[in-house]
Amino acid sequence: MPTILSMEVDDDDSFESEYRLRVGNQVKYLVVSPGTFDRDTLSFPLQSLPRLPYNEGWTVANISRDQTSGDLKTSLSDRKLPGIKCQWHSTKVDCLELDKTKQLTAMAFEASHSALSPQATMIAKIARFEWEMPRIEQETRAYQLLEGCGLAPRFLAHVHENGRIMGFLLEKIEGRSASIQDLSVCETALKKLHKLGLVHGDVNRYNFIVTEEGVKVIDFENLQENASSESMSKELKKLRMELVDESGRGGGFIFRSDDN
């Protein structure tokens, strides 16, 4: 019997609901069309599915309901799913070998890996579904550009699923999210980023982590390369307003330490 690794269920059942399933040492995907199941069943769909040939080589199963007869319909596809093109790091780990210890956001979680670093807690960030892939692609590229500069967490490995790259592993940064008292050091960090020709794109206070070694910057999904001096100036001005913001908007995922 498969287990659900990730799910994205539309509350109004107006759009497709998507599931990421583990079947043995493989990952398969399930797409359920609107009007196929009620909301409660969409939350726990596996028992209500038609019998699927999980041992066969398909990647995506589409489930729908015939509008005339009401019967469930199944369509299997073995299409190749997209992967990250920016593969620059030498280390790759299988997503199914990650031991998840804490969910942080929809796409990010704390994890350990017995072979890579048995005692260390790391941060994994993955594209659970195809529409999340551009964000992971952009951030993977960002960490390549920032490699060795000391501004960001260390990039530890690409994460693959059935052989395709769909995420990455980072070191876990211990610290606290920045506040207005940290404006000067955050400005210094942002200026270092700008000197590389880069604009972060989301300078909320939770993306600046104050550590004992200084400020680390995280969450590069909106990074812009070859940025203009005008966009850099606007971002620096915006930083002050963002550091005052206590709303919790845009909270990052590497900002808690055991002492906080």
Side-chain angles (χ1 to χ4, degrees), residues 3-9 11 18-22 27 43 84 89 91-114 116-143 146 151-161 165-179 182 186 189 200-213 215-223 242-243 245-260:
T3 56
I4 295 178
L5 297 173
S6 311
M7 58 191 291
E8 193 73 19
V9 176
D11 285 336
E18 299 181 74
Y19 305 84
R20 181 169 161 261
L21 309 177
R22 176 171 186 165
V27 176
S43 298
I84 298 301
H89 200 277
T91 304
K92 298 178 176 63
V93 300
D94 190 331
C95 66
L96 297 182
E97 294 177 355
L98 294 173
D99 181 18
K100 183 191 297 186
T101 55
K102 183 179 181 181
Q103 193 75 39
L104 300 172
T105 68
M107 297 168 63
F109 54 92
E110 291 184 3
S112 61
H113 188 276
S114 58
L116 188 62
S117 185
Q119 305 301 321
T121 297
M122 297 169 283
I123 303 298
K125 196 167 185 180
I126 64 170
R128 305 166 303 156
F129 304 107
E130 289 185 55
W131 44 273
E132 293 170 335
M133 195 66 71
R135 295 158 64 183
I136 296 296
E137 182 78 58
Q138 177 72 1
E139 200 157 8
T140 300
R141 167 65 175 163
Y143 280 105
L146 296 170
L151 284 173
R154 285 187 302 119
F155 190 101
L156 302 176
H158 296 291
V159 175
H160 71 85
E161 173 191 274
I165 303 298
M166 41 72 81
F168 53 78
L169 276 179
L170 302 174
E171 68 171 332
K172 181 184 177 183
I173 299 297
E174 298 288 1
R176 60 173 175 81
S177 49
S179 66
D182 305 301
C186 289
H200 184 277
D202 184 13
V203 289
N204 76 74
R205 60 188 293 261
Y206 300 99
N207 287 338
F208 291 80
I209 311 304
V210 182
T211 76
E212 293 180 355
E213 292 77 33
V215 172
K216 298 287 186 179
V217 187
I218 62 170
D219 280 358
F220 296 98
E221 295 177 5
N222 299 297
L223 190 81
E242 291 288 345
L243 291 184
D245 184 10
E246 301 283 351
S247 67
R249 178 194 66 81
F253 57 85
I254 320 179
F255 59 91
R256 293 187 180 89
S257 70
D258 295 336
D259 298 328
N260 290 348

Heavy-atom nearest pair, Ala111 first then Thr101, reads N-OG1, 3.9 Å
Is any side-chain heavy atom of His200 less than 4.5 Å from a side-chain heavy atom of Asn222?
no
Thr140 versus His158: any side-chain heavy-atom pair under 4.5 Å?
yes
Heavy atoms of Met122 and Ser117 approach each other most closely as CE-O, 4.4 Å
Correct closest heavy-atom pair for Leu243 and Ala178 would be CD2-CB, 3.8 Å
- prompt: Are any of the side-chain heavy atoms of Ile126 and Phe109 separated by less than 4.5 Å?
  reply: yes
Interatomic distance, CZ@Arg154 vs CD1@Ile173, rounded to 0.5 Å, equals 8.5 Å
inquiry  = side chain to side chain contact (heavy atoms under 4.5 Å, CB included), that's the test. Do Ile84 and Phe168 meet it? Break it down for me.
reply    = CA-CA 10 Å; Ile84 298 301; Phe168 53 78; over 6 Å; no
Contacts of His89 meeting ring-ring contact (aromatic ring centres under 6.0 Å, His included) (sequence neighbours excluded), chain-then-number -> Phe155
Here the pair of heavy atoms bringing Phe220 nearest to Ala152 is CE1-CB, 3.8 Å
Pairwise side-chain contact, Asp94 with His160, heavy-atom cut-off 4.5 Å (strictly under): yes
- Query: Given side chains that start at C-beta, do those of Thr91 and Leu156 come closer than 4.5 Å, heavy atoms only?
  - Reply: no
One should read off an interatomic distance between Lys92 NZ and Ile165 CD1, to the nearest 0.5 angstrom, of 5.5 Å
query = Is there side-chain contact between Glu221 and Asp202, with at least one heavy-atom pair below 4.5 Å?
reply = no
So CD of Gln103 and OG1 of Thr105: to nearest 0.5 Å the spacing works out to 7.0 Å
Scanning both residues in full, the closest heavy-atom pair of Thr211 with Glu174 reads CG2-O, 3.4 Å
**Prompt:** Ser179 versus Arg205: any side-chain heavy-atom pair under 4.5 Å?
**Reply:** yes
Legend entry - Full working for side chain to side chain contact (heavy atoms under 4.5 Å, CB included) between Arg176 and Asp182: CA-CA 11 Å; Arg176 60 173 175 81; Asp182 305 301; 2.8 Å; yes
Taken to the nearest 0.5 Å, the spacing of Ile218 CD1 from Glu139 CD works out to 8.5 Å
| Steps toward side chain to side chain contact (heavy atoms under 4.5 Å, CB included) verdict (Leu146, Val217) | CA-CA 10 Å; Leu146 296 170; Val217 187; over 6 Å; no
Query raised in the report: Does a side-chain N-to-carboxylate-O contact under 4.0 Å join Lys216 and Glu171?
Result: no
Sequence neighbours excluded, the answer for ring-ring contact (aromatic ring centres under 6.0 Å, His included) partners of Tyr19 is none
Requested in this report: State whether the side chain of Gln138 and the backbone N or O of Leu223 hold a donor-acceptor pair below 3.5 Å, judged by distance alone.
Outcome: yes
**Study point:** Note, Ile136 side chain near Met107 side chain (heavy atom, < 4.5 Å)
**Key:** yes
Q: Step by step, work out the side chain to side chain contact (heavy atoms under 4.5 Å, CB included) result for Ile4 and Leu21.
A: CA-CA 5 Å; Ile4 295 178; Leu21 309 177; 3.6 Å; yes
The side-chain hydrogen bond (donor to acceptor under 3.5 Å, both in side chains) partner of Ser6 among Arg22, Arg128, Arg20 is Arg20
Shortest non-hydrogen pair, Val215 vs Ala189, comes out as CG1-CB, 4.2 Å
